[in-house]
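The next block holds one structure in the form of structure tokens; read it before the comments.
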Amino acid sequence: MSTVEQIFSAGGKRMRPTLVFLVSRATLALTGLEELTPEHRRLAEIIEMIHTASLIHDDVLDDSDMRRGKETVHQLYGTRVAVLAGDFMFTQSSWYLADLETLRS
């Protein structure tokens with residue numbers, strides 16, 4: 001749990017989820033929808049998870065000590081935990097993406 005808190009407490013611009021919402025809203029008429037759906041929100045979350053997982057792995061490869069003014073996961077918990085945390089986030093995001101169409105079921 002400490003690893004997850006460290007990852008998401010660092011903040012960030014969250015531009016990718018914002019772009020998902022902007023494009024989704026701009027194309028609502030094309031899809032026959034009147035408003036954003038839970039799937040749109042889940043897709044934004046998935047994209048942020050993939051991006052965050054790639055940052056965790058990038059920090060390991062670059063041996064970075066800091067990201068967004070905070071110590072990196074691998075600096076705090078070691079390379080093994082950081083790689084596993086990044087892998088876990090990639091796996092979870094893949095699972096959520098594969099299950100996106102059954103969100104309402």
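We count residues from 1, following the sequence as given. Because only heavy atoms are used, hydrogens play no part in the values below, and waters and symmetry mates are left out as well, while side chains stay in.
Hydrophobic clustering (ILVMFWY, side-chain heavy atoms < 4.5 Å, transitive): L100 and I50 are in one cluster. Criterion: ILVMFWY side-chain heavy atoms under 4.5 Å apart, direct or through other members. Under it, V60 and V73 are not part of a common hydrophobic cluster. Each of M89 and L84 belongs to its own hydrophobic cluster when Ile, Leu, Val, Met, Phe, Trp and Tyr are linked at side-chain heavy-atom distances under 4.5 angstrom. A single hydrophobic cluster is seen to contain both I47 and W95, as judged by linkage of ILVMFWY side chains at heavy-atom distances under 4.5 Å, directly or through other members.
From T72, atom OG1 reaches atom CG of D58 across 10.5 Å, with rounding to the nearest 0.5 Å. Annotation: the span from E39 atom CD to L43 atom CG amounts to 10.0 Å, rounded to 0.5 Å. The CZ atom of R25 sits 8.0 Å away from the CD atom of E35 when rounded to the nearest 0.5 Å. Rounding to the nearest 0.5 Å places NE2 of H74 at 6.0 Å from OG of S64. Note: F21 CZ to R16 CZ = 14.5 Å, rounded to the nearest 0.5 Å. Rounded to the nearest 0.5 Å, atoms NE2 (H57) and OG1 (T52) are 12.0 Å apart.
The side-chain heavy atoms of M15 and V20, taken from C-beta on, include no pair separated by under 4.5 Å. Side-chain contact between D65 and D59 is absent, with no heavy-atom pair separated by less than 4.5 Å.
For A53 against G86, the heavy-atom pair with the smallest separation is CB-O, 3.4 Å. Between L36 and S24, the closest heavy-atom pair is CD2-CB, 3.5 Å. Nearest approach of M49 to S93, heavy atoms of both residues: CE-N, 3.8 Å. Residues L33 and H40 approach most closely at CD1-CE1, 3.9 Å, considering heavy atoms.
Listed by chain and residue number, E45 satisfy the salt bridge (Lys or Arg N to Asp or Glu O under 4.0 Å) test with R41 (two or more places apart in sequence, or in another chain).
Within a 6.0 Å sphere centred on CZ of F90, other residues, nucleotides and ligands contribute more than 12 heavy atoms.
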